[in-house]
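For reference, the structure is listed below as structure tokens.
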Protein chains: 4
Amino acid sequence: MRAAIAVIAEAGYLKASFSRIAKHAGLSSTGMISYHFAGKDDLLAACVTEIEEITGAFMQPRIDAAVGHVAQLRAFVEANVELVGEHATELRALIDLVKNAGSRSDAVDGRLALFEEHFRTGQAAGVFGAFDVRITALALTTGLDAVVATAAANPPEPAELTRIGRELADLYVRATAPGSAGGTA
Amino acid sequence: MRAAIAVIAEAGYLKASFSRIAKHAGLSSTGMISYHFAGKDDLLAACVTEIEEITGAFMQPRIDAAVGHVAQLRAFVEANVELVGEHATELRALIDLVKNAGSRSDAVDGRLALFEEHFRTGQAAGVFGAFDVRITALALTTGLDAVVATAAANPPEPAELTRIGRELADLYVRATAPGSAGGTA
Amino acid sequence: MRAAIAVIAEAGYLKASFSRIAKHAGLSSTGMISYHFAGKDDLLAACVTEIEEITGAFMQPRIDAAVGHVAQLRAFVEANVELVGEHATELRALIDLVKNAGSRSDAVDGRLALFEEHFRTGQAAGVFGAFDVRITALALTTGLDAVVATAAANPPEPAELTRIGRELADLYVRATAPGSAGGTA
Amino acid sequence: MRAAIAVIAEAGYLKASFSRIAKHAGLSSTGMISYHFAGKDDLLAACVTEIEEITGAFMQPRIDAAVGHVAQLRAFVEANVELVGEHATELRALIDLVKNAGSRSDAVDGRLALFEEHFRTGQAAGVFGAFDVRITALALTTGLDAVVATAAANPPEPAELTRIGRELADLYVRATAPGSAGGTA
DNA sequence: AATGAATGAGGGTTCATTCAT
DNA sequence: CATGAATGAACCCTCATTCAT
């Protein structure tokens with residue numbers, strides 16, 4: 001399964017065939033994969049779960065440590081970007097998996113809903129502007145993914161990573177801030 | 001080639017095989033496709049070009065009509081979202097193609113560079129904040145794509161489309177505006 | 001498709017894989033079979049149809065030439081056995097296909113129904129005894145198949161074939177004749 | 001081994017893989033099956049033997065109780081059909097095994113030889129007609145199998161079972177009776 | 001007696017591509 | 001411009017068998 005993740009990260013979802021995974025795992029045939037997993041979907045779902053545990057273990061504490069809706073948004077973004085420093089491979093795989101989801105996308109929908117809810121309660125608390133939460137959540141989560149994916153493609157140094165995270169967080173904080181924004185001109 | 005676009009939009013990049021495209025085009029064999037196009041990459045590249053001409057014809061005038069960096073940013077976003085009303089199929093195909101680009105992505109890189117340059121000159125003119133142009137361009141273009149893709153998946157009414165475009169443009173204008181940005185809290 | 005029939009006849013239904021059929025047909029890969037037929041079931045159904053046309057062309061005239069229910073029963077049995085002389089391969093294949101039917105068995109059910117109906121009208125005409133038509137039809141058709149299959153396995157000389165047909169027809173005529181039947185001792 | 005019989009009866013010979021049998025037996029691996037049996041043929045042969053002991057225990061006494069060749073033929077047929085009431089599963093499996101015999105068919109050949117010999121001695125005793133014993137034995141045994149198989153597929157009530165047995169026995173007694181049968185018309 | 005992992009072969013199917021017609 | 005047949009590779013999956021533990 002580590003092999004599957006590695007192959008997806010390196011060769012991409014499309015090329016992640018059982019053959020390639022088996023070879024990468026040092027197996028002589030694809031039979032063993034079918035033996036351990038009910039099918040390709042099963043394997044991929046297992047990968048998603050595994051990776052999410054890893055990323056969750058990294059990100060959750062940092063998010064919980066933040067106080068207030070804005071700080072938590074910032075923490076989420078920064079933690080996600082910093083994650084590239086420690087789990088670039090897993091992130092590359094995860095993003096590719098999520099992109100070609102089709103069905104296995106409980107995760108992605110979950111995060112979207114989480115953002116929406118976060119924005120909604122933040123708006124009620126007056127710390128976010130009066131934007132459409134669905135559209136905003138969608139745009140910002142996918143934008144975040146793209147930045148993470150790009151960073152994970154060839155990971156920069158930690159300092160640069162921190163800078164990217166802060167830049168993006170700034171961007172998102174600005175975008176969601178209340179105040180005198182967005183007249184038609 | 002219209003058939004190819006239709007198939008990609010309906011069945012997705014992954015399932016867009018020559019057989020399926022041929023059937024959709026009323027051809028009884030895949031031979032003709034190989035005859036007209038050098039290979040699969042060639043066909044897909046041609047599709048991208050074709051679609052871009054269509055979208056360009058729609059968007060370019062609206063962008064050109066806008067005056068000033070901010071208004072042009074807004075025009076780009078709104079035009080792109082409104083495009084869903086007239087070319088949902090093409091947009092679905094294009095976004096799927098771009099997602100699974102790999103190589104054919106001159107287009108995507110082009111748009112990214114365009115955004116970066118737009119931000120840079122806007123910053124020089126003092127109408128945008130001092131953000132990192134690369135990160136911002138990346139996050140905003142992909143976020144835009146996601147919103148467009150979601151809208152194109154099952155297109156809403158024109159009025160709703162206009163609203164979505166304005167919401168997203170507002171978000172992006174806020175995100176790129178100069179001023180009192182992103183303190184750590 | 002002739003290859004498929006030949007392989008089924010020689011190697012049996014179980015071993016009739018696409019590989020074997022392709023090799024026997026002089027094809028270099030199994031792809032062509034999947035190209036011409038929607039699936040294995042499709043191929044096998046086509047074989048059944050093909051064989052039934054062949055056997056029908058041989059048997060039907062002889063059955064039609066017979067007058068009366070008893071003579072027609074005899075004609076059917078004898079024609080079926082004589083068929084071995086000219087189409088042993090096809091018969092072997094057909095019987096193997098029918099044995100492992102599962103679904104494709106319109107044919108087998110058809111013949112069974114035909115026998116039942118023939119017995120029923122014959123009983124009404126008073127030329128057959130008062131036996132249960134379903135049980136009788138079932139037992140006699142499968143018995144016929146077994147004799148044909150055995151003969152087809154290594155076909156005897158025409159004269160012997162004729163003898164076998166007459167013997168079996170005699171047996172069936174006796175079995176279905178009206179009169180002093182089956183006391184418990 | 002009981003598991004093997006059950007699986008063959010339910011899923012059919014074709015689908016009776018070691019995996020399925022192991023699962024049905026509550027084993028977590030197929031290893032144990034290969035450990036206990038030399039191979040698949042060995043397992044299947046063992047199943048045949050096992051089932052034949054069961055059926056023999058039921059049928060033999062009833063056959064022995066009958067006096068005279070005709071009565072014994074009747075007893076065999078009726079006992080075999082009645083067996084469905086008590087061992088439908090085993091019968092389904094046995095018939096499937098015998099159908100796809102290939103090699104393991106000592107049993108089936110044995111029964112055939114037994115019938116032939118029974119007919120021969122009966123003919124010598126003058127209680128059977130002058131038919132060809134081989135052809136007759138073949139047709140009647142397979143016909144019997146088909147009726148049993150159909151009954152075993154979804155077993156009817158005991159009374160109906162008795163009726164079927166008697167009907168079939170009547171048929172066979174008639175078919176083998178001596179006398180003025182089978183002129184060419 | 002039982003497990004779990006591994007193997008190697010074979011299964012049917014789909015694909016992009018080629019080519020004579 | 002179009003067809004239809006053919007190729008060779010890759011795909012996911014199932015199988016019987018083996019073996020260390």
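Reminder, nothing fancy here: chain letters follow the sequence lines and each chain counts from 1.
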Per-pair distances, 0.1 Å, donor-acceptor, side chain in residues 14-24 of chain D, under 3.5 Å, sequence neighbours excluded:
unit_1, atom_1, unit_2, atom_2, d
D:S17, OG, D:R20, N, 3.4
D:R20, NE, D:K15, O, 2.6

If you write DNA chain F from 5' to 3' in dot-bracket form, with Watson-Crick or G-U pairs under 3.5 Å, [ ] for crossing pairs and | for pairs with another strand, what do you get? .||||||||||||||||||||
When you match A:K15 and C:S28 each to their closest nucleotide on DNA chain F, which lands nearer the 5' end?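 Upstream on the strand: C:S28.
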Quickly work out the [X] [atom1] to [N] [atom2] distance and round it to whole Å.
X: D:L27; N: E:dA1; atom1: CG; atom2: C1'; answer: 10 Å
X: C:H36; N: F:dT7; atom1: NE2; atom2: P; answer: 10 Å
X: A:K40; N: E:dT14; atom1: NZ; atom2: C1'; answer: 13 Å
X: C:D42; N: E:dT13; atom1: CG; atom2: P; answer: 10 Å
X: B:L43; N: E:dA16; atom1: CG; atom2: C1'; answer: 12 Å
X: A:M1; N: E:dA5; atom1: CE; atom2: C1'; answer: 17 Å
X: A:F37; N: E:dG4; atom1: CZ; atom2: C1'; answer: 14 Å

Please examine the side chains of [Y] and [X], heavy atoms only from C-beta on, and report whether any two atoms are closer than 4.5 Å.
X: C:N100; Y: D:Y13; value: no
X: D:E86; Y: D:F58; value: yes
X: D:L43; Y: D:I33; value: yes
X: B:V48; Y: B:L94; value: yes

If you measure from [atom1] on [X] to [atom2] on [Y], what distance do you get to the nearest 0.5 Å?
X: D:T142; Y: D:I95; atom1: OG1; atom2: CD1; answer: 11.0 Å
X: B:C47; Y: B:E52; atom1: SG; atom2: CD; answer: 11.5 Å
X: C:T89; Y: C:I8; atom1: OG1; atom2: CD1; answer: 11.5 Å
X: A:T55; Y: A:E90; atom1: OG1; atom2: CD; answer: 9.5 Å

For DNA chain F, which residues in residues 16-25 of chain A have a heavy atom at a distance below 4.0 Å?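 Hits under 4.0 Å, by residue number: A:S17, A:F18, A:S19, A:R20.
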Provide a list of protein-nucleic acid N or O atom pairs under 3.5 angstrom, restricted to nucleotides 18-21 of chain F.
none

Qualifying residues under salt bridge (Lys or Arg N to Asp or Glu O under 4.0 Å), relative to C:R111, sequence neighbours excluded: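 Result, salt bridge (Lys or Arg N to Asp or Glu O under 4.0 Å) vs C:R111: C:D145.
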Test side-chain contact (heavy atoms from CB on, under 4.5 Å) applied to C:A25 - qualifying residues, sequence neighbours left out: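 With neighbours one apart ignored, the set is C:A3, C:L27.
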Would you indicate what B:I33 reaches in the nucleic acid, counting non-hydrogen atoms under 4.0 angstrom: base, sugar-phosphate, or nothing?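 Nothing, no nucleic acid heavy atom in range.
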